[in-house]
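The structure under discussion appears below in the form of structure tokens.
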2 protein chains.
Amino acid sequence: MTAGPAGDTDTRTRLLRVALRLFTEHGVEGTSLQMIADALGVTKAAVYYHFKTKDEITEAVIAPGLRELEALVTRASALKRRGAQIDLLLEGFVDLVIRDRALVALFASDPSVARAVWQWNPAATDGFGQALLGVLAGPEPDTTAWVTATVMFTGIAMTGGLPNLAALDDEVLRAELLDVGRRMFGRPRRRD
Amino acid sequence: MTAGPAGDTDTRTRLLRVALRLFTEHGVEGTSLQMIADALGVTKAAVYYHFKTKDEITEAVIAPGLRELEALVTRASALKRRGAQIDLLLEGFVDLVIRDRALVALFASDPSVARAVWQWNPAATDGFGQALLGVLAGPEPDTTAWVTATVMFTGIAMTGGLPNLAALDDEVLRAELLDVGRRMFGRPRRRD
DNA sequence: GTCTATACCTCGATAGAC
DNA sequence: GTCTATCGAGGTATAGAC
């Protein structure tokens with residue numbers, strides 16, 4: 001919001017980095033403003049200067065991921081062939097999930113995050129999650145297509161973040177999630 | 001804990017009913033002991049007489065559902081044919097999800113509930129969720145089977161509780177969830 | 001513009017009177 | 001079995017130092 005070319009590089013950026021780390025470690029609810037302030041070496045009030053509320057911090061932390069997802073949906077929607085749409089969306093989504101599994105777990109399992117996501121979307125009527133599901137489900141989807149897309153979308157996200165599978169190698173999990181998604185949408189199995 | 005034959009029928013039972021309602025409405029975090037006390041017409045301290053901590057209330061609220069799931073897994077494990085195991089488990093689980101969609105949403109999206117579930121299981125090493133997944137994934141499962149089961153299990157639970165689909169009729173959603181699960185595990189489609 | 005000091009209210013939780 | 005009183009910590013908020 002400022003005019004400076006690199007104006008937002010200092011405390012605000014540090015704060016978001018610290019908050020992201022603490023959120024993934026303790027959850028949003030489990031992270032107090034005091035913990036953030038201590039990790040930064042400042043007081044609660046200093047934190048409060050940069051963000052008017054804790055929800056604002058949560059929103060700022062998750063915003064980059066949401067923007068990437070949004071861009072992915074836009075790119076996929078622009079493709080002509082439905083198979084290509086699904087391929088791109090599935091691959092991009094799985095990549096996002098894998099890239100930060102802990103963060104995705106946070107997304108999927110914290111009511112504060114759900115609230116922040118809800119607050120966030122400025123444009124679409126029902127959230128761009130609908131747009132993403134719309135691409136997966138296809139044009140004029142019936143109930144089956146819609147439910148299938150929803151199960152797949154939420155299942156992949158949850159599975160990516162599950163502590164049970166934390167030991168699984170990133171590459172292995174990426175391949176498996178992609179595979180399960182492709183099977184579900186009738187896409188041919190890919191070669192190694 | 002008391003000696004009376006129907007000793008735990010009064011305030012404690014009312015309290016759990018009220019807590020369940022408030023939890024599904026506002027989430028666990030969003031429900032304060034004050035709200036519960038007010039809804040009961042007593043003070044916070046009175047609530048504390050019945051439960052030593054808020055987590056104890058959470059555990060007591062979710063215990064019946066967990067016990068049902070556990071019983072379902074036990075029954076399914078006892079079957080000989082693997083196809084029958086999957087059929088029973090899938091149907092039972094979808095039934096549970098449908099019977100209280102709001103509660104399932106709570107299960108899947110509240111860290112307090114996750115903590116309570118963790119606290120709960122007294123026997124199994126890694127929670128009976130592992131046992132449930134084990135039945136779905138089969139004996140000596142490879143990574144693919146395990147990931148598939150996990151995506152299905154979490155996806156069905158999340159989808160059942162999603163506000164997006166709240167308008168969908170129970171019977172319709174039950175049939176769709178069952179169908180998506182059966183497809184994923186290679187079970188033949190069922191007739192109406 | 002950035003931060004500290006300080007205070008307010010609610011929360012979960014405890015102690016002790018009735 | 002329920003109440004009053006109180007505690008420390010949490011999120012929020014303002015006044016003012018630099």
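On a predicted model such as this, the values are computed, not experimentally measured, just so you know. The chains referred to below are lettered A, B, ... by the order of the sequence lines, with proteins before strands, and numbering in each begins at 1.
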ask   = Within the pair B:T11 and D:dG1, is there a side-chain N or O less than 4.0 Å away from OP1 or OP2?
value = no
query = Given atom CG of B:L40 and atom P of D:dG1, what is their separation to the nearest angstrom?
reply = 14 Å
inquiry  = Taking only side-chain N and O atoms of B:Y49, does any of them lie within less than 4.0 angstrom of OP1 or OP2 on D:dT2?
reply    = no
query = In whole Å, what is the span from the CD atom of B:E56 to the P atom of C:dG12?
reply = 15 Å
key: Check: B:L168 and B:R101 side chains under 4.5 Å, non-hydrogen atoms   = yes
query = When you measure from the side chain of A:T43, which nucleotide among D:dG10, C:dA5, D:dT2 comes out closest?
reply = C:dA5
remark   = 5' to 3', nucleotides 13-18 of chain C under a 4.0 Å protein heavy-atom cut-off (B base, S sugar-phosphate only, - none) gives BBB---
key: Salt-bridge criterion met for B:R183 and B:D179 (N-O under 4.0 Å)   = yes
request  = Considering only NZ, NE, NH1 and NH2 on the basic side and carboxylate oxygens on the acidic side, decide whether B:R174 and B:E171 come within less than 4.0 Å.
outcome  = yes
query = Mind checking whether A:D142 and A:W146 have side chains closer than 4.5 Å, heavy atoms only?
reply = no
ask   = Between B:H50 and D:dT2, is there a side-chain N or O to OP1/OP2 distance below 4.0 Å?
value = yes
request  = Could you tell me the separation between the CZ atom of A:F51 and the C1' atom of C:dC3, rounded to a whole number of Å?
outcome  = 15 Å
inquiry  = Taking the side chain as everything from C-beta on, heavy atoms only, tell me whether B:I98 gets closer than 4.5 Å to B:V104.
reply    = no
ask   = Roughly, in whole Å, what's the span from CD in B:Q34 to P in D:dC3?
value = 11 Å
inquiry  = From NE2 of A:H26 over to P of D:dG10, roughly how many Å is that when rounded to an integer?
reply    = 12 Å
query = Would you say the side chain of B:R12 lies within less than 4.5 Å of the side chain of B:L16, judging by non-hydrogen atoms?
reply = yes
